[in-house]
Engineer: 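This is the structure I have questions about; it appears just below.
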Amino acid sequence: MRRSVGSTLLVLCAAAPLVAQSTTRQAAFTASDALDVTTWTVADLSADGRWIAATSTTRRASLGVDYRRDGDPSYIRPASLRLQVIDSRTGDSTAVLPGPANVRAVTWSPNGQRLGLLLLQGERFVPHTWDRATRRLTRHVVPAGSYVAENSDLQWTADGSRILVAVRPESWLTRVSTEFDRMTRGPIFVQDSRDPFLAWDALRRLGNIRSVVSIELASGRVSTLVPEGMISQYRLSADDSIVTYADDITARTDYDVIFGSEQKLLARRVSSGEVVTVHPTLKGMTLTWADDGRRYAMTREGRVSVARIGVSGLRQIAGPDSGSRAAEADTSATARAARANQRFAASRWSPAGDALLLTNPQGFWIADTTGRRTLVLPTDTLPSSPRYVPAAWSTDGRYVYFTYASRTRWERGLVRLDRTSGAVQPLVQDAKLYQGFRLARAGDVMVFSSGDGNRPTDLHVADGAMQNVRRLTNANPWLSQRTLARTELLTYRDVDGRTRYGVAYLPPSGTGPRPTLFNVYEDFFDDTFDATVNVLVSAGYVVVKPSVAFETGFPGEAWLKGVTSAANALIDRGIADSAKLGVFGTSYGGYATNLLITQTNRFKAAANTSGKVDLISFYTDSPRLGVRNIHAAEKSQDRIGATLWQQPQKYVAHSAIMFADRITTPLLLLTGEQDSNVPAGNSREMYYALRRLGKEVTWVNYMNSGHGIPGTNVAEFTDYHDRLLSFFGQHLNGRPAQATQP
């Protein structure tokens, strides 16, 4: 059904009718419920596809974060996961650990007989292996005076006899702790522009100091594969003969890239310890490795070259010729499009390492190592074109899998390219949500997560053609007794006449216009499960996530043009009550909310969670994030497109604090005092400004919390949701306000 209203067009797309009558009495979905929703994740799949290592957790299990430790590379955030091994044939599940634990780097041995993992014991991760046959968990010891690095992974040798981990000396921990305390507690902390790094960048880089060791499981013997250095990443070749690793050689803080760094690529022969410099710098390069750990593709400036460790020289297989820069003088649209089509990026290698999947604006290509290439999946950049993302490559090299997502309707799934016939076969395309596709390396098994819209997903298994689908988990059966939203895909036109999309979360029953809350950020399309939104829907609200279109240099117009147009469309359809509109957002969405209400009085209440209000003070106020806030304003999310000194007027125009006198909407500010992303002091400016101006504003500062919804404890998590309900209830429904003190 379509109906035009001025510049607004709304289409509601869903299989269910707009209003559905509930047949059973369901309890409201609460903040306590939000803490108990279980999420399953596949940690690893055995090579034969038989055994799935999976973890499950809840939001409640990850509370207790010490946000004061943000930026400390030695801090390990709390996590409580249940680790299970699931038989993909029978669905039978076996607990690897007796209860919840902080566990990571879960990896199957090559033969699928043992599971490697890092288990937090006390304040240290300790390597363990679990034997599938005996169900015995074995602890492995690293050299005295060292411990497993907080950022270590775990790798197996090809024969499954050894595991690799990264370790640090205990003295490193003392050094980092001393430096972190100096920077956060003093008593004196001095910074100097002559230092090569911002202090927090220098501290973060200390996380690269580590060595790589192998542990022989039978004997416990430990061997050093890579001596201590600034090791940012490492990999062992499939034949166990060579370790390649990147050594961080960054000379100074990089203002062009967030957390920007420079590495050189080294290769060390395991037998002799001989080290060879493969590339003296990887600056501006992206490496894509083949499964053998020797072949790699390098993408740089639209050119793709291939090489093999131990064989000198790079061979370019795609991209513009080195002498093509002269053609850039032609700036016509046709010439620019032609140049773009000449630029390629490497996506992934075939399992045998004899072919490479490439991408460019025309689509996906398969190239051999001589450069012969074929366009196998044409795509384009039109807003109506479906989106494809590489997901897997069959071991025999015949099939390449891509996730599929329509950009005009809820149709998602998986397609398979048959390299023999060139045909692209849809394997599954429906309105369900899909994620995490994993194809077994040697077996006709596909594992993935799937679920209905606005529902947590569950683990499923199928064959390689996505037939014989079976659900392996039923994580949240109790949600059938809770009031959860129905979802609809919205299509509307913004003020400029551009088609935009949004997601409406609707109460399961009822008729007539309802109080409507707009949850803003940037673009929304998929109806993923959102716990906070469901808490609000259970209270009787329609919640809408509208999309907006940005223009560099003028980002503030996006929300005014897009959000108000979505509101017009919903009012016209009789879904939203024009007298009861609210708006809220978190982080960039909180910033959007505050800026929006300086430009319109359409909304009766607004809530800003962890969103900046002053772009100028925010610009250079990110001590623990290095150059992140500067980069965000100049080059990335904020889209100003210039420095503060080049375009000061744009920074003023996009700072809500400068136009606080125009705000007539009651405002709720929610911040975390320990937020190192958007400091709470930034929002404090708006509180004092609006109070000085005689406006209605409430500021709630969670003193121990960080960015976004409190992750500290149950009381604060619950308080956050209670305050949202109370605030919107007061201003949209006339309910009494909750006390401002907890």
Side-chain angles (χ1 to χ4, degrees), residues 38-58 61-62 74-88 92-143 146-168 210-223 225 233-236 436 438 440-441 447 459 472-473:
T38 297
T39 302
W40 278 93
T41 302
V42 174
D44 199 16
L45 177 65
S46 64
D48 63 1
R50 176 75 184 272
W51 307 103
I52 303 165
T55 60
S56 63
T57 190
T58 65
S62 62
S74 70
Y75 180 54
I76 299 171
R77 285 201 170 198
S80 185
L81 301 92
R82 294 184 181 275
L83 177 59
Q84 305 278 329
V85 167
I86 303 173
D87 187 333
S88 66
D92 293 339
S93 178
T94 301
V96 174
L97 303 171
N102 194 337
V103 61
R104 62 175 62 170
V106 178
T107 311
W108 282 109
S109 63
N111 64 5
Q113 294 297 318
R114 285 184 285 193
L115 194 63
L117 57 121
L118 298 178
L119 176 64
L120 188 66
Q121 295 183 324
E123 297 181 352
R124 303 284 190 275
F125 279 111
V126 178
H128 287 72
T129 54
W130 179 80
D131 188 282
R132 184 170 51 77
T134 64
R135 300 186 180 181
R136 179 184 176 187
L137 187 69
T138 302
R139 185 178 188 268
H140 302 283
V141 179
V142 297
S146 65
Y147 71 99
V148 174
E150 295 82 353
N151 58 356
S152 176
D153 62 2
L154 184 149
Q155 299 177 25
W156 288 86
T157 56
D159 61 6
S161 66
R162 291 173 290 160
I163 56 174
L164 276 63
V165 293
V167 300
R168 310 189 201 278
R210 51 189 187 162
S211 59
V212 181
V213 302
S214 71
I215 304 173
E216 189 173 59
L217 302 184
S219 66
R221 185 170 65 89
V222 179
S223 303
L225 296 186
Q233 52 186 299
Y234 59 92
R235 69 178 59 242
L236 181 66
R438 285 178 181 245
R441 290 191 295 275
V447 177
L459 300 185
L472 297 173
T473 61

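All values below come from the heavy atoms of this structure, side chains included, with hydrogens, waters and symmetry mates left out.
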Engineer: When rounded to the nearest 0.5 angstrom, what distance separates CG in L118 from CG in N102?
Structural biologist: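 The distance works out to 10.0 Å.
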Engineer: Quick one: are V167 and Y147 in side-chain contact, heavy atoms under 4.5 Å?
Structural biologist: no
Engineer: Rounded to the nearest 0.5 Å, how far does CD of E123 lie from CD of E150?
Structural biologist: 10.0 Å
Engineer: Tell me every residue that passes salt bridge (charged side-chain N to carboxylate O under 4.0 Å, His left out) with R104, counting only those two or more places apart in sequence or in another chain.
Structural biologist: none
Engineer: With the side chain counted from C-beta on, respond yes when W108 and D48 share a heavy-atom pair under 4.5 Å apart, and no when they do not.
Structural biologist: no
Engineer: Are there more than 12 heavy atoms of other residues, nucleotides or ligands under 6.0 Å from atom CZ of R132?
Structural biologist: yes
Engineer: Rounded to the nearest 0.5 Å, what's the gap from CD on Q113 to OG1 on T134? Could you check?
Structural biologist: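 With rounding to 0.5 Å, CD (Q113) is 10.0 Å from OG1 (T134).
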Engineer: Hey, are the side chains of T55 and T57 touching, using non-hydrogen atoms and a 4.5 Å cut-off?
Structural biologist: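 Side-chain contact under 4.5 Å: no.
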Engineer: Report yes if some heavy atom in the side chain of T138 is under 4.5 Å from a heavy atom in the side chain of D131; otherwise report no.
Structural biologist: no
Engineer: In the structure I gave you, are the side-chain heavy atoms of V222 and V142 within less than 4.5 Å of one another anywhere?
Structural biologist: no
Engineer: Shortest non-hydrogen contact from S152 to Y234?
Structural biologist: OG-OH, 4.0 Å
Engineer: Quick check on side-chain contact (heavy atoms from CB on, under 4.5 Å): which of S223, S214, P127 does L164 satisfy it with?
Structural biologist: S214
Engineer: Between S88 and G49 (side chain of the first, backbone of the second, donor and acceptor by atom type, cut-off under 3.5 Å), is there such a pair?
Structural biologist: yes
Engineer: Quick check: closest heavy atoms across T38 and S56, and the distance to 0.1 Å?
Structural biologist: CG2-CB, 3.9 Å
Engineer: Rounded to the nearest 0.5 Å, what's the gap from CD1 on I86 to CG on L459? Could you check?
Structural biologist: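 Rounded to the nearest 0.5 Å, the CD1-CG separation comes to 5.5 Å.
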Engineer: With a cut-off of 6.0 Å (strictly less than), are more than 12 heavy atoms of other residues, nucleotides or ligands near CD of Q121?
Structural biologist: yes
Engineer: Which residues pass the side chain to side chain contact (heavy atoms under 4.5 Å, CB included) test with T94, not counting sequence neighbours?
Structural biologist: W130, R135
Engineer: Out of curiosity, T107 OG1 to D44 CG, how far, rounded to the nearest 0.5 Å?
Structural biologist: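 The OG1 atom of T107 sits 5.5 Å away from the CG atom of D44.
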Engineer: Write down the atom of A43, the atom of R438, and the distance for their closest heavy-atom approach.
Structural biologist: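 So the two residues come closest at O-NH2, 3.4 Å.
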Engineer: Is there a side-chain contact between V165 and V213 (heavy atoms, below 4.5 Å)?
Structural biologist: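 Yes; the side chains approach each other to less than 4.5 Å.
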Engineer: Would L97 and R82 count as a side chain to side chain contact (heavy atoms under 4.5 Å, CB included) here? Give the steps.
Structural biologist: CA-CA 7 Å; L97 303 171; R82 294 184 181 275; over 6 Å; no
Engineer: Working to the nearest 0.5 Å, report the span between CH2 of W40 and CG of L472.
Structural biologist: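 If we round to the nearest 0.5 Å, W40:CH2 and L472:CG are 9.5 Å apart.
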Engineer: Are the side chains of V96 and V106 in touch, meaning some heavy atoms are under 4.5 Å apart?
Structural biologist: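 V96 vs V106: side chains apart.
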Engineer: Check salt bridge (charged side-chain N to carboxylate O under 4.0 Å, His left out) between E216 and all other residues, then give those that pass, not counting sequence neighbours.
Structural biologist: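 R221.
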Engineer: Answer whether the closest heavy-atom distance between the side chains of L217 and R114 falls below 4.5 Å.
Structural biologist: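 Side chain of L217 against side chain of R114, heavy atoms only: contact under 4.5 Å found.
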Engineer: Determine the minimum heavy-atom distance between G160 and P110, stating which atoms define it.
Structural biologist: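 For G160 versus P110, the nearest heavy atoms are CA-CD, 4.0 Å.
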Engineer: If you measure only the distance, is there a donor-acceptor pair under 3.5 Å linking the side chains of N151 and R168?
Structural biologist: yes
Engineer: Do you know which two heavy atoms are closest between H128 and V126, and how far apart they sit?
Structural biologist: ND1-O, 2.9 Å
Engineer: Closest heavy-atom contact between A440 and S46?
Structural biologist: CB-O, 4.2 Å
Engineer: With side-chain contact (heavy atoms from CB on, under 4.5 Å) as the test, pick out the partner of W156 among L236, N111, T129.
Structural biologist: T129
